[in-house]
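Letters A, B, ... mirror the listed sequences (proteins, then strands); counts begin at 1.
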Number of protein chains: 2
Amino acid sequence: MRSDRHPRAAPVTGAGPGSVRPGGRTARVRDAVREATLAELSEHGYRELTVEGVAARSGVHRTTVYRRWGGADGLIADALARAAAEPWPVPDTGTLAGDLRALARLVLTGLTDPAQGPLTRAFVLAAAHSPAAARALHDFYARRHEQAAAAVERAAARGEVPAGTDPAEVVRAAVAPLYHRAFITGEPVDEAAADRAAAAACAAARAGILTAPPPQAGAPGGAGGRAADPPRSERRS
Amino acid sequence: MRSDRHPRAAPVTGAGPGSVRPGGRTARVRDAVREATLAELSEHGYRELTVEGVAARSGVHRTTVYRRWGGADGLIADALARAAAEPWPVPDTGTLAGDLRALARLVLTGLTDPAQGPLTRAFVLAAAHSPAAARALHDFYARRHEQAAAAVERAAARGEVPAGTDPAEVVRAAVAPLYHRAFITGEPVDEAAADRAAAAACAAARAGILTAPPPQAGAPGGAGGRAADPPRSERRS
DNA sequence: GCGTTAACGCAACGAGTGTTGCTTTAGGAT
DNA sequence: ATCCTAAAGCAACACTCGTTGCGTTAACGC
């Protein structure tokens, strides 16, 4: 057990700019902790991210970290929320194939880069553990898919893919195999894999497979929708 | 920290049939612990899987579990190895599209079924934590892809897909979006998603995108291959 | 400047996890 | 039936994590 049973939810977690006393020391502490969190995460990964370690590195007392962030998961959720705010350099190469390939390589970098890889990994693991991190990660990818959708929409405008193609679905198809390799099967994640996934997504989109699901007309045999996902793991207490 | 720094690696972990003293009590203890592990995993998930819980449920002493399995991760690795040994009912519907759809629905069930879902989830999380579990999960999916490859090979024999199509890659494309939804973005995993992923994989395979990578002819700009994957997380000690 | 009070630092506690040395049990061989 | 020894049980320990009550610091308003 890492940070279960927290009686009082961390106040505002991030102690954002709307806080009661945003000035001087508070801000200094917040920045120090945030920086230390990223550093620890990059160096040791999620498993070894400990409140004590972050506190020691940042020069802030353990208690303060627990009170403001509520534990290790809160630290990661905060880091994730900040990461989601940063814009994503969605490529524009002129063709859907080119855009998807560049997109897949962007993801590839995010998974294999010595600096970003551990962070990505840590975020995913944290999401599987804490509902707060899960929400943050969901929002993070929602924003990214939203930005990447532009590439598909351009392709649709050019007539490269049929109207009604679901941008998010295309993006997912292009990047999912990479995550699958990295997190599920533990297979190598390399440029060849990225390029093939992008090309496959492009072909499927072109074939008109990746259209938006019918808005209301429920799929006959379909389950009611989500089955066991967003509130990731449950607690007993 | 869950089960780090184990001075001596657990002897043979599973105490397989080749053990020194496979008879009576030892076997009884092993089965009781294994059963308890699966039950605890299904009920509480990976996060709440504690050696103490398994010991209590199985009626075996904590110390015994620690000595034979080395901790919670070892329990999961053992469970995974056993799961990998079980055959997978790969469908044979007569068409690649049908086979892939059935395959994707199989995976869908594995992710959303109240009994299997928590197990799948637990396995993936464990793999991200412990190298032993990572290896076990890798082998698990290697076996499954191996079995599923038959469906693609049948399709190739029928001429549905070009020769040289990589079966594992087709299977991956068909199921990856589901895992992606479940573990990465936290989006709903339903039959519509499964069917679309299968159809997309089928279309890509038909288009000749998912061919086996050139055996030796290194992809020019390609990285040396694997980058930061199989030995999942490192320890400091 | 000066007072108020939110936020931080400190020390100690409680709980749970993993470890270790020793004793006891029972499988397998003589 | 008896002995030998691998494996399981037992008790106590050490360590880390998260929590709590209280004293101290320093932003912010006047």
Side-chain angles (χ1 to χ4, degrees), chain A residues 1-33 36 40 44 46-56 58-75 129-130 235-237, chain B residues 1-33 36 40 44 46-56 58-75 129-130 235-237:
Chain A
M1 275 148 222
R2 195 60 141 306
S3 67
D4 289 336
R5 94 199 88 80
H6 268 273
R8 61 168 180 284
V12 200
T13 291
S19 187
V20 181
R21 192 176 281 190
R25 183 165 69 163
T26 298
R28 226 159 37 231
V29 164
R30 186 188 56 219
D31 294 344
V33 169
E40 288 279 310
H44 308 306
Y46 171 70
R47 192 81 188 287
E48 270 79 20
L49 182 76
T50 159
V51 171
E52 186 127 3
V54 171
S58 65
V60 171
H61 202 82
R62 286 209 321 277
T63 314
T64 300
V65 177
Y66 278 117
R67 281 205 256 254
R68 279 185 62 178
W69 282 270
D73 292 334
L75 288 171
H129 283 329
S130 95
R235 308 291 159 78
R236 322 186 212 185
S237 60
Chain B
M1 277 148 226
R2 194 60 139 311
S3 66
D4 289 335
R5 98 199 84 80
H6 270 272
R8 62 165 177 284
V12 200
T13 291
S19 185
V20 180
R21 190 174 282 190
R25 184 164 70 163
T26 299
R28 225 157 41 231
V29 164
R30 186 189 56 219
D31 294 344
V33 169
E40 288 279 308
H44 309 306
Y46 171 72
R47 192 83 188 286
E48 270 80 19
L49 182 76
T50 159
V51 171
E52 185 128 2
V54 171
S58 65
V60 171
H61 203 80
R62 286 209 321 277
T63 314
T64 300
V65 177
Y66 278 117
R67 282 207 255 254
R68 281 185 61 178
W69 283 271
D73 292 334
L75 288 171
H129 283 330
S130 93
R235 307 292 160 75
R236 319 183 215 189
S237 61

Next item on the list: Could you please spell out the steps behind the side-chain contact (heavy atoms from CB on, under 4.5 Å) verdict for A/V33 and A/R68?
Entry: CA-CA 10 Å; A/V33 169; A/R68 279 185 62 178; over 6 Å; no
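Atom P of nucleotide D/dT20 and atom CZ of A/R62 are separated by 14 Å, given to the nearest angstrom. Here the C1' atom of nucleotide C/dG21 and the OH atom of B/Y66 are 18 Å apart, to the nearest Å. Across the protein-nucleic acid pair, B/R47 atom CZ and C/dG16 atom P stand 15 Å apart, rounded to whole Å. Spacing between atom CH2 of B/W69 and atom C1' of D/dA8 amounts to 11 Å, rounded to whole angstrom units. Here the C1' atom of nucleotide D/dG9 and the CZ atom of B/R68 are 14 Å apart, to the nearest Å. In this structure, B/H61 atom NE2 and C/dG21 atom P are separated by 16 Å, rounded to whole Å. C/dA6 atom P lies 19 Å from atom CZ of A/R30, rounded to whole Å. What separates CZ of B/R67 from C1' of D/dA8 is a distance of 8 Å, to the nearest Å.
Minimum atom distance to the side chain of B/R28 is reached by C/dG27, of the listed C/dT19, C/dG27, D/dA8. Which of D/dG21, D/dA8, C/dA7 sits closest to the side chain of A/T63 comes down to D/dG21. Out of C/dT17, D/dG9, C/dG9, the shortest distance to the side chain of B/T50 is found at C/dT17.
The minimum heavy-atom distance linking B/V65 with B/A55 is given by the pair CG2-CB, 4.4 Å. Counting all heavy atoms, side chain and backbone alike, A/S58 lies closest to A/A32 at CB-O, 3.5 Å.
Comparing B/V60 and A/E52 by the nucleotide of DNA chain D that holds the closest heavy atom to each, the one mapping nearer the 5' end is B/V60.
Separation of atoms OH (B/Y66) and NE2 (B/H61) is listed at 10.5 Å; rounding is to 0.5 Å.
Taking 4.0 angstrom as the limit, B/T26 places none of its side-chain polar atoms (N or O) nearer than this to OP1 or OP2 of D/dA7.
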